[in-house]
Every structure is written in structure tokens, then in C-alpha cells.
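Comments concern the structure below.
Chain naming here is simple, since letters A, B, ... match the order of the sequence lines and numbering starts at 1 in each.
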There are 2 protein chains.
Amino acid sequence: MNTLELIKKNLDTFSKSERKVAEAILASPETAIHSSIANLAKIAEVSEPTVNRFCRRLDTKGFPDFKLHLAQSLANGTPYVNRNVNEDDGPEAYTSKIFESTMACLNAAKNGLDTNLINRAVDVLTQANKISFFGLGASSSVAHDALNKFFRFNIPVSCFDDIVMQRMSCINGSEGDVIVLISHTGRTKPLVEIAQLARENDAFVIALTAEDSPLAEQSNLVLSLGVPEDTDIYMPMSSRIAQLVLIDVLTTGFTLRRGAKFRDNLKRVKAGIKDSRFEKTNDEAL
Amino acid sequence: MNTLELIKKNLDTFSKSERKVAEAILASPETAIHSSIANLAKIAEVSEPTVNRFCRRLDTKGFPDFKLHLAQSLANGTPYVNRNVNEDDGPEAYTSKIFESTMACLNAAKNGLDTNLINRAVDVLTQANKISFFGLGASSSVAHDALNKFFRFNIPVSCFDDIVMQRMSCINGSEGDVIVLISHTGRTKPLVEIAQLARENDAFVIALTAEDSPLAEQSNLVLSLGVPEDTDIYMPMSSRIAQLVLIDVLTTGFTLRRGAKFRDNLKRVKAGIKDSRFEKTNDEAL
DNA sequence: CTAAAAATGAAATAAAACTACATAAACGAC
DNA sequence: GTCGTTTATGTAGTTTTATTTCATTTTTAG
């Protein structure tokens, strides 16, 4: 938590002298971080040990440590924090907020991931006979993206955003099939039914969804992104971005697992795409 | 400027011992700010004055002052640096690397964006009679995602990933139409032709693509993401993530511009989706 | 009003950072 | 190569800064 806010909040828990210190800091935090303990003590009109005790009360190791914390909370605009967009934000403001919130979200997702489960998911995917990606609504573009990635691996892979097609695909499934279901909430009814259906047909179900959700319960393996649900109507689902990055992680794991000869294949695909492009050299001549 | 990046940038201006210090700090900035000068000297295997000289070279008053700056830049900027995945990385390593690289990429994209152009794009979009999103290959899922977002606004919006459909859609176009073309490189031939065709039919063309690319030249308005091209075959196109976030930004700008009564509409859409979901309360009872 | 507890500061101690200087390495001219 | 110069680095000592100890003052409860 922001140190400055912490001081403000705890103002009444301090003793008389400690409050003097608190007020001196709040009055000019910039001065505080560039002062020695002796200097700050003089400004606050207290003794040095009082300042020291004040620092410890705020769960820091001492004055230098406190200065570090304070410096961090002074650092411009507390980024990487989910800041909601306001009605009166200008383009500058909402652009920054959205980018920063997304980064904060990715950071949270990263910390919440279980790499053991990722490893298992990669295991399962590399051994699959056929992989399908299903998502609905906003998640369908994630599934679509996953298709695009795995398609390059030259393995049987499909992606449907139509419930009927998803069901048919499941019914025709067999052992060795892996179904990856993508849903932020894990509460989308049709998708939960798909998970059930897939498992009844001996497919292995990997879910990219919230822990403890109905979908999670119906899946063989759950990769949960500890991303909070959107509280804000403006803030458009960063969770989806985290899902995409997770897809990237799985793809990378897959590539690494398959080894060197497999990677040559990827280079060929990349080269193949090139032909449909304007060459960079040509272009610079234009 | 971000202290960490500053160190990285100036790596070659340092002397041998100073570089050791720099590397020790880059390896673990968190450790650095919580160490004494003696401790850091030991980690970097140099003497204390060397550390001190290193600090001064970076325009700080000394070690404590340097720690303050570093602490601020850790709180402020990205401690994330684009690190490539190695063949022998474990799940832990490649997961971190991909998430961190993506965050670094978003940070770069954020800093490279021109908010004036974003504002103009929002202008154009709010005044459009009809909006179309076109992308091919990996970018088609971005277009798909954009469709999903703008669809909620209850305005005529479409999305095609089929070149023929894209062409037909352009030919039927008229003034007031806005076409958003998405391409990382801006060198995908069919898409460049689409841009041309769209403009011939009086549509306004917004491109989410690289500066100075053929596609950029054919567009009315270019939103470029200063994201470097992927050098690594493992690292799967973070640019696409940046594009998605940019879509989020445009969506948000759109929502804000349309004002309060319009936002009620969004709430209705969100509520409408809810019916297809398992309720959270029900679920927790299960 | 008094005794116990809490708060505070003076002084001493400990730790950290910095400076001056000596030595070592690198560089260039011959 | 070798001598002289410049630059880099470390040792040891000095100064600054932070912390601890303990005596004094203030507050609080009975």
C-alpha cells in the first residue's frame, strides 16, 4: 500500500511526537526522502530516536528503509495499479490507465499461475492426437488466436465459436483428443455442458477459466488466471489479454518440448507467409 | 528516465568493474535497493568506492541517493525487460519471460502512442455510419475481438477475415464508412489493396500498423505501435497484444465520447449476457 | 496524589558511506 | 618491448548517519 496514504490513515494511532514526524513528512515528502534522520528530526522538532520509532511503527526496518518505501510511493502516479477510467478523462489519461491496468493485470496473472499445471498442460497438448479450442463471446477471439498459433505446428487443430459445431465436434471425439475451453467466468452454461460432453467422450479437457467455477469442476485440468473480474464498465476485460498471453506460454512450452527438428518447421511456416508480403527492401525504395 | 533502463543503455560506457556493479543491479534490482554499499560491493565482487563511483556516474549524489532513484524507477517504470526464451528454459522460466516481455512490449507501445491520433480516431469512429474491422492471419483475431467490443455499442459493425468478403464490403461502401485495418507489418499485400479500394469508395481508413509501411501510406489515419518485430521464433508476437489493448483504448474513448445515456446501453448488454450464465450465488452453493 | 506505564530525548555505540591516497592496469609514444 | 602517462581500482582512515541504551519526563489509571 502507498506509504503516504498509510501515514495519513494511521495519523491517530501515533503518539504526539510521532504525529509531528508524520505531519512533517506529509507536508513535504520530497524533503523527507532527501533528508538525514537528524535533519528530519529537526524539522519535526523531535529527537532522532522518535523518527526512528516512527519508521518502525510503519513496518519498515528503519529510517533508510522507510525512505525507500516513501520514495516508491512518491514515484509518479503509482502505475501498475488498476486505476479506473473517469468520465472526464482525456485521451492521454484513459490511454495510460488502460495500458497500465492491463500491465497490472498481467503481473497479477503471472504471479497467480501454477507452472506445474502449465507443464502438465504442455504435456497433454504435445501428446494429443487432435486439439480443439472453444470459446464463446469475447473468449472466442482468444480461441481463434490459439488456433492460429497451433495451426503452425502442423497438427490437427480446430476452433469453433458455434455451440452446435462445438457439440458435434465433442460427440465425434475419442481418446487422445484435447479440448481447450476458454471462459473468463467459467459460468457460461453451454460451455460447461461442452466440458461434460467432451469428458463423456473420453477427451481430455483443459480449461482456461476461474478457479472453483462450474467449468473448472467439469475439467481435467484448470489453468486459472487470478485476475479479478471487471468492476468497471469502461475497463474492457483485461482478463482476455491474460488468456492470450497464457496461450503464448502454452505455445512456447509446446515448441520447446517438441525439440529442435520441430522448430525448423516453424521457420518454414514463417518463410511461407513472407511471399504474401511486400518486401521490406522494395518498400523502402518506394 | 527510468534508472534501470538508463543503466542498461549505458552499459558500454562503464569500466570493467563498474559494469560488474551494473550487472549485479540488473540481475536483482530488488536486492540492490535493500543492500548496503558494502553488501552490493561484495555481490558485484568489487570494492565499495567502485560502487560509489558507479552511482555518481549516473548523476546521483551517492549510494543512498542512487537507491532512492532506483526504488522510484522500480515502482514507476517497467522492471521488465524483453528477455528471449532459451532452449533449456523450464516452465517457470519461459512463463515469466513471456509475461514480462509482453509487459515490456505494452510499456513500449504505450510510450510510443500518439494520443492526438487516438483522439482523432475516436472522433472518426463516433461519427461513422458503419464500422468494419479487417485483419488477416494472426490479426484476424484482433479484428474479431474489436467486433465483439463495438458490437455492444449497437451500431452497424462488421468483421471479415476473408479477402473476398472484405473486397465486397469495400465496394459497397460509401461516405461515412470507417474501415479499420489491422496488420502488424503493414506489408500484407491483400490488405494494402483493401485500403486502396476502400478509399476509392469514399470510406475512411484507419490502420493499426507499422509506421512507414505500404499500408500506412494507403490509410487516412495510422495508429502505429512502436513495437519491434519479433526476433525470436519462440516469442509469439506480443504486438498482437498491444493491438488488442489499443482496441480497448479506442473502445473506451468511444464510450466516453458518447456520454452518459449511451453507457446505460452497455449496462443492459452486460445484464443481458448474465442470463446465459450460472449465477455466482447458486454456484457457491453447489 | 501516587504508582505504573508509556513516551521522549541525550548520549553512546554501531553501521554505513565517503574521501584521500596508494597501487595496479591500460594505453600510447618511441 | 619499455618508459611515462593516464585511467581504473582498492585499502585504510574519516566523516556522516542511524541505532541502541538508558535516564528523564509525561501521561494515565487507581
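Per the geometry, CD1 belonging to B/Ile33 stands 13 Å off P belonging to C/dA17, to the nearest Å. The interatomic distance linking B/Lys20 (NZ) with D/dA8 (P) rounds to 15 Å, in whole Å. Across the protein-nucleic acid pair, B/Glu18 atom CD and C/dA25 atom P stand 17 Å apart, rounded to whole Å. One atom, CD1 of A/Ile37, and another, P of C/dG9, lie 12 Å apart when rounded to the nearest Å. Residue A/Phe54 contributes atom CZ, which lies 16 Å from atom C1' of C/dT8 at whole-angstrom precision. Atom CD in B/Glu45 sits roughly 15 Å away from atom C1' in D/dG10 (whole-Å rounding). Atom-to-atom, CD of A/Glu48 to C1' of C/dT8 comes out at 13 Å; the value is rounded to the nearest Å. Between B/Leu68 atom CG and C/dA17 atom C1' there is a gap of 15 Å when expressed in whole angstrom units.
Where B/Lys61 and B/Arg53 each meet DNA chain C at their nearest nucleotide, the meeting point lying more 5' is that of B/Lys61.
Residue B/Asn52 places none of its side-chain N or O atoms closer than 4.0 Å to OP1 or OP2 of C/dA17. Put simply, B/Thr50 has a side-chain N or O that comes within less than 4.0 Å of OP1 or OP2 on D/dG10. The shortest distance between the side-chain N/O atoms of A/Lys16 and the OP1/OP2 oxygens of C/dA6 is not below 4.0 Å. In this model, the phosphate group of C/dT8 is approached by a side-chain N or O of A/Ser15 to a distance below 4.0 Å at OP1 or OP2.
Judged purely by atom type and a 3.5 angstrom limit, A/Lys67 has no side-chain atom pairing as donor or acceptor with the backbone of A/Ile37. Looking at B/Thr209, its side chain does come within 3.5 Å of a backbone N or O of B/Ser183 through a donor-acceptor pair. Under a 3.5 Å cut-off, the side chain of B/Ser139 and the backbone N or O of B/Val142 do not form any donor-acceptor pair. Checking side-chain atoms of A/Ser35 against main-chain N and O of A/Leu40 turns up no donor-acceptor pair under 3.5 Å.
The aromatic rings of B/Phe14 and B/Phe54 sit tilted relative to each other, their planes meeting at an angle between 30° and 60°.
Among the atoms of the strands shown, none is found under 4.0 Å from any heavy atom of A/Val51.
The side chain of B/Ser47 lies closest to D/dG10, out of C/dT8, C/dA17, D/dG10. Of the candidate nucleotides D/dT21, C/dC18, C/dA16, C/dA16 has the atom nearest to the side chain of B/Ser36. Listed nucleotides C/dG9, D/dA18, C/dA17 differ in distance to A/Lys67; the shortest reach to its side chain belongs to D/dA18.
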